[in-house]
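Everything below concerns the one structure shown next.
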Amino acid sequence: MKKRDFGRCFLIGALLLTSIICVGRTATAAEVLKIGICTAQTGPGAAWGLAVQHGVEMAVEDARHEVVVGGKTYKIETIAYDDKYTGKDGVAAVNRLISMDKVSYIIGSNSSAVAMATKDIVTSNKVLWFPGSFARKLLSPETKNLFRVICTPIEYGPYFAAYISKYLEKAYPGKEKTFAFFSPNDESGWDSEKYLSEALEAQGCKIMFKERYERGVKDFVPLLTKVLAANPLVVDCDGSSPGDAGLIIKQARQLGFKGQINYSGGPGFEDILRIAGPEYSEGMLGYSPQNVDAPQYLNMEKRHQEKYRSPMNSLLLNYYIAATALLEALKAAGTVEDIEKVRGAVENLKLKTQFGGLKWVGQKDYGINHQILLSQYVGTIQNGKVKIVASTYTAE
Amino acid sequence: MNDSLAKLSYGILLLLLVLVPQVIQDQFILHLFITIFFYIILSASLSFFNRTGQLTLAQAAFMGIGAYASTLLCMKLHLPFLMTLPLSGFVSIVIALILGKIVLRARGVYFVLITFSFTEITRLIFVNWVSLFGGANGISNIPAPRIPLLFRSGVVTVSTKGSYYYLTLVVLVLSLVVLLRITKSPMGNVFRILRESELLSQSLGVDVSKYKLIGFTIASFFAGIVGCLYAHYYRYISPHAFTFWESVYVVMICVIGGFKNLKGAVIGSAVFVFLTEAVRAGKEYQLIIFGVVIIVTVIFCPGGLEGLFTRVGNRITGLRKLTALNPES
Amino acid sequence: MQIIFMVPQILINGLFLSLLYILMALGFNMIFGIMGVVNFAHGEFYMLGAFIVYQMVKLMNFNYLVGLSIAVVMVGALGMLLEPVIFKRVRKIEAGDFVVSLALAFILQSIALMIWGPEDLGIPSVYTGIMRMGSLVIPVERLMTIAYSTALLIGFYLFVKFTRTGQSMRAVAQDAEVASLQGIRVEKVYVLSFGIGCALAGVAGALISPIFSIFPYMGGFALLKAFIVVVIGGLGSIPGAVLGGILLGMGESFISTFLGGAVSDIMSFIGVLILLIFKPEGLLRAK
């Protein structure tokens with residue numbers, strides 16, 4: 001009896017100890033720049049969450065893991081914690097980054113639930129924060145240390161809508177520009193639906209259907225049956241995830257839909273090609289914040305596949321650019337400790353990476369110019385290949 | 001003799017807990033303690049209900065109900081925290097009574113699945129009733145509790161982690177005291193018999209369904225209280241926080257800690273939170289380690305870890321007794 | 001007016017969903033009916049079935065049906081391995097099966113994440129082509145899935161009803177003690193049942209893999225649907241699982257088409273709750 005108990009105690013203690021050691025931190029040297037990453041490493045949000053982490057890691061890799069600021073060379077250390085896409089875990093992750101690891105720069109999370117839950121903590125500490133959540137309430141004049149690093153539907157909607165409207169007038173002359181939207185029933189889905197439909201309506205389009213589905217649904221045929229009976233001109237996958245957009249496209253085509261299919265919710269051509277197949281995805285039009293045609297993008301994809309053995313999520317580039325921007329701002333500010341100075345440097349940043357430039361906007365919509373605006377493109381799939389057909393905005 | 005020793009050790013533990021925020025300034029560690037306190041209340045009340053032989057997956061739903069109730073009462077009706085806290089519990093009681101009356105007829109796994117359905121429905125209501133609950137975006141900018149001071153005039157705003165630690169600790173101690181009192185009362189005796197055998201209790205004339213309802217209501221009350229505390233701590237709530245997975249974690253805590261007594265809830269909560277944090281940086285590996293530890297713990301400590309701790313503790317105090325009795329060693 | 005023409009399409013859509021849900025729920029139901037075990041990792045066996053087919057077909061160029069058979073066998077074998085190693089040991093522990101299967105789910109999800117990554121993956125359609133009958137449209141791959149699932153269900157029913165093993169399983173489900181007195185090796189039945197239950201989940205995943213997308217967390221959806229089907233139809237009852245699946249699948253098809261996706265979700269749960277008020281043990285409780 002006694003031996004068994006001690007054996008059990010030992011076993012459990014050993015397992016606990018191992019788990020700590022596995023993920024423990026080694027003592028850090030003096031001249032180290034720590035960049036914190038709060039993101040979903042597991043769970044259904046992992047596809048985007050890992051894009052955040054990998055984007056930062058690849059940028060750090062390109063900087064050769066070091067940055068020279070104010071004459072001193074700092075080794076860059078990235079510390080990433082899993083927020084599981086929930087507010088509760090996000091709060092734990094961010095608290096740990098700020099209190100225990102003492103980071104002053106946090107990139108991520110991508111999740112609105114995490115961003116809204118951690119907003120107060122991050123903004124009340126001396127931390128520069130670069131989240132990628134769509135939540136409208138995130139930016140305000142009070143959150144001076146926050147920079148949103150992805151373009152929300154408010155930013156890209158008008159450009160995309162303008163292009164689509166003109167395209168429809170040319171490709172389907174005389175036909176009424178009617179749309180059927182498919183959005184997931186959560187905050188990013190609602191936001192995307194709201195701003196995209198507003199932008200399209202401003203161009204004279206009519207949104208006939210705004211279908212909402214619970215995330216996890218893979219069979220869109222019942223919804224499509226209803227929608228296609230009314231013969232809309234365009235089916236738009238709106239804020240759906242790229243994989244789900246692929247399914248919507250495939251199922252719509254299988255049901256015999258011959259009209260235009262758009263994906264206005266964000267990048268994801270590769271996923272659509274993978275899931276819907278070349279035949280069904282032919283001719284679809286989608287918003288893309290990157291030039292996915294360009295050789296540098298294709299190189300990144302190859303590099304990601306080799307390094308992480310999994311296809312690259314296009315969201316990754318936003319965070320690659322964000323991390324690069326941070327490093328450049330640090331160099332320009334000449335300090336890693338003075339957050340105010342670095343913030344100023346970020347605001348005045350004139351950056352041009354191999355993926356284009358960036359601009360800070362947002363005074364009109366949020367009251368503060370901390371919203372990123374990147375170059376915008378419209379892409380399509382032709383003969384089983386992703387192609388950029390237009391550049392709707394170029395950030396200088 | 002043993003009893004007063006136990007009381008002494010609990011007293012010391014309480015004293016240590018009270019001292020923690022004075023000694024540890026690290027916000028993250030304080031956050032962990034507060035999280036553990038939340039889970040202890042949730043799992044202790046679940047464990048109490050378990051004495052009736054049932055398990056509920058509705059703890060998360062009542063947490064949500066309590067959270068939204070307190071938030072709405074506070075932000076729309078401007079009621080003070082000291083009123084919204086018991087009110088969240090009260091709202092939970094009312095809903096639990098209605099629900100329990102209907103569904104407690106079901107047995108075993110059916111009941112579990114019914115409570116699971118209830119949790120999902122509650123979540124869907126929170127998501128889709130946008131005007132009242134804010135929908136998927138939830139409600140943000142929930143104010144911190146403002147508590148009037150006892151001996152002086154003025155109000156303390158519980159907005160720092162240290163102060164919230166004390167608030168939660170007070171609620172925790174009160175909750176555990178209440179649960180202990182119930183356990184030791186005549187009603188508690190009935191629960192103990194129920195755990196042994198439902199058939200036996202019925203033959204003794206016990207109205208089993210009444211006690212199941214009481215147990216269920218008590219568990220839901222405390223879940224509602226935790227929901228209120230949760231809302232004013234995170235100051236942002238959304239339906240994501242109240243999925244049935246949260247309920248499942250509470251069950252997990254009871255299993256690894258032990259259903260037998262409150263110690264199990266305490267140990268289970270501490271181990272669960274500690275383990276989650278220990279593996280948080282592990283990317284894909286973290287849940288593998290987490291899962292393996294859980295499985296090993298359940299297989300090798302069937303009654304829960306509290307049994308292990310008690311035995312080890314006994315051996316240590318037993319050794320001391322032995323040396324005291326034997327003057328030669 | 002148009003609505004009446006939509007009804008046959010809605011019925012076919014519903015039939016596909018129903019069979020899918022029945023397959024997802026059958027294994028879960030079986031494991032509970034025979035062993036009293038709630039398997040939280042049920043969805044993960046479904047997921048593994050899909051991934052193994054993906055690995056075989058996409059990456060190793062096997063024929064789809066061969067890949068499917070291998071997937072089913074592998075998933076069933078995994079189930080038969082895990083039962084004595086893990087589940088048997090927690091049989092006597094309160095909610096032990098719950099917690100242990102949940103931990104197992106985490107482990108399997110993470111392994112899938114490690115091997116195949118988080119992105120949505122897909123297999124090219126095995127059966128291309130679309131069948132049209134008047135205004136009715138059915139992609140051939142869905143028709144084939146309906147056919148395979150039906151064949152599988154019939155085969156499973158015959159197995160349970162007429163084979164010695166099937167009869168032992170039913171005997172154990174009724175009363176394990178009595179069954180062992182009759183000379184049935186209860187432990188062996190448990191292992192086999194668990195394996196078959198997992199294999200059924202794997203088959204569902206494998207059948208669905210060319211039609212929907214594949215990713216490490218796809219299991220949660222299957223688990224959720226299995227729960228609902230089982231609650232409606234009654235735990236441990238195979239006809240109950242069939243009835244539950246049909247009600248859920250048809251219900252979703254009709255409500256989604258007429259009232260939209262968000263309404264459909266909440267209505268299925270409210271329907272479940274109402275049903276439970278009147279029949280807490282499901283429609284066709286076994287025994």
Side-chain angles (χ1 to χ4, degrees), chain B residues 46-47 50 53 55 57 99 102-114 116-125 127-129 195 244-245 248-249 251-256 258-260 282-304, chain C residues 32 36-38 40-41 85-90 92-115 117-118 216 220 224 227-228 230-232 234-236 262-263 265-282 285:
Chain B
L46 175 69
S47 160
N50 182 255
L55 267 182
L57 281 185
L99 180 70
I102 302 172
V103 302
L104 272 164
R105 297 184 253 157
R107 300 285 158 76
V109 187
Y110 288 105
F111 181 72
V112 172
L113 290 179
I114 292 176
F116 151 79
S117 309
F118 175 70
T119 307
E120 264 297 288
I121 293 179
T122 318
R123 184 190 69 86
L124 285 170
I125 294 177
V127 169
N128 287 299
W129 192 342
R195 149 167 286 158
F244 74 95
W245 290 111
V248 173
Y249 295 147
V251 173
M252 189 179 252
I253 288 175
C254 286
V255 171
I256 59 178
F259 276 103
K260 226 170 76 174
K283 233 177 156 188
E284 310 109 322
Y285 304 95
Q286 53 178 297
L287 287 178
I288 298 183
I289 299 175
F290 184 87
V292 169
V293 172
I294 297 283
I295 293 180
V296 166
T297 309
V298 174
I299 291 182
F300 286 108
C301 297
Chain C
F32 183 78
V37 164
V38 173
F40 256 99
V85 168
I86 297 182
F87 285 90
K88 178 171 166 178
R89 301 199 194 184
V90 300
K92 299 269 165 34
I93 305 175
E94 171 92 38
D97 54 342
F98 231 72
V99 170
V100 144
S101 57
L102 182 68
L104 182 66
F106 288 156
I107 296 176
L108 292 175
Q109 286 166 0
S110 300
I111 293 180
L113 186 65
M114 268 166 55
I115 302 180
L224 198 69
F227 273 12
I228 302 177
V230 148
V231 167
I232 298 176
L235 268 168
V263 178
D265 224 63
I266 197 169
M267 292 234 74
S268 52
F269 273 105
I270 292 186
V272 165
L273 207 58
I274 293 179
L275 184 78
L276 288 169
I277 294 172
F278 295 108
K279 268 225 151 199
E281 298 196 331
R285 172 79 174 98

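Values in this document were obtained by computation on a predicted structure and should not be read as measured data. Here is the naming used below: chain letters follow the sequence lines, and residue numbers restart at 1 for every chain.
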Test item: [X] and [Y] side chains (from C-beta on) under 4.5 Å apart, heavy atoms:
X: B/Phe116; Y: C/Val231; result: no
X: C/Val230; Y: B/Leu113; result: yes
X: B/Leu124; Y: C/Phe269; result: yes

Original post:
For C/Ile111, which residues count as a side-chain contact (heavy atoms from CB on, under 4.5 Å) partner, sequence neighbours excluded?
Top reply: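 C/Ile111 satisfies side-chain contact (heavy atoms from CB on, under 4.5 Å) with B/Ile288, C/Ile107, C/Ile115 once adjacent residues are dropped.
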Subject >> Pairing residues for C/Ala103 by the side-chain contact (heavy atoms from CB on, under 4.5 Å) criterion, not counting sequence neighbours >> reply: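 Residues passing side-chain contact (heavy atoms from CB on, under 4.5 Å) with C/Ala103: B/Ile294, B/Ile295.
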Smallest separation among heavy atoms of [X] and [Y], with atom names:
X: B/Leu55; Y: C/Ala95; answer: CD1-CB, 3.5 Å
X: B/Val255; Y: C/Glu94; answer: CG2-O, 3.6 Å
X: C/Phe98; Y: B/Val112; answer: CZ-CG1, 3.7 Å

**OP:** Output the distance between atom CD1 (C/Ile274) and atom OG (B/Ser117), rounded to the nearest 0.5 Å.
**Re:** 12.0 Å
**OP:** Working to the nearest 0.5 Å, report the span between CD1 of B/Ile299 and CZ of C/Phe87.
**Re:** 9.5 Å
**OP:** For chain C, find which of B/Glu120, B/Gln286, B/Lys283 contributes the most heavy-atom pairs closer than 4.5 angstrom.
**Re:** B/Glu120
Subject >> Which portion of B/Ile253 sits near chain C, non-hydrogen atoms under 4.5 angstrom >> reply: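 Neither part; nothing is under 4.5 Å.
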Subject >> Atom group of B/Val127 that falls short of 4.5 Å from chain C, counting heavy atoms >> reply: neither
Original post:
C/Val272 versus chain B, heavy atoms under 4.5 Å apart: side chain, backbone, both or neither?
Top reply: side chain
Original post:
For C/Val85, is it the side chain, the backbone, both, or neither that has a heavy atom closer than 4.5 Å to a heavy atom of chain B?
Top reply: backbone
Subject >> chain B interface, residue from C/Leu108, C/Ile266, C/Leu113 that has the most non-hydrogen pairs under 4.5 Å >> reply: C/Ile266
Subject >> Largest heavy-atom contact set with chain B, pairs under 4.5 Å, which of C/Val38, C/Ile270, C/Leu102, C/Val90 >> reply: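 Most pairs with chain B among the choices: C/Leu102.
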Subject >> Geometric class of the B/Trp245/C/Phe40 ring pair [parallel <30°, tilted 30-60°, perpendicular >60°] >> reply: tilted
Original post:
Does atom CZ of B/Phe244 have more than 12 heavy-atom neighbours from other groups under 6.0 Å away?
Top reply: yes
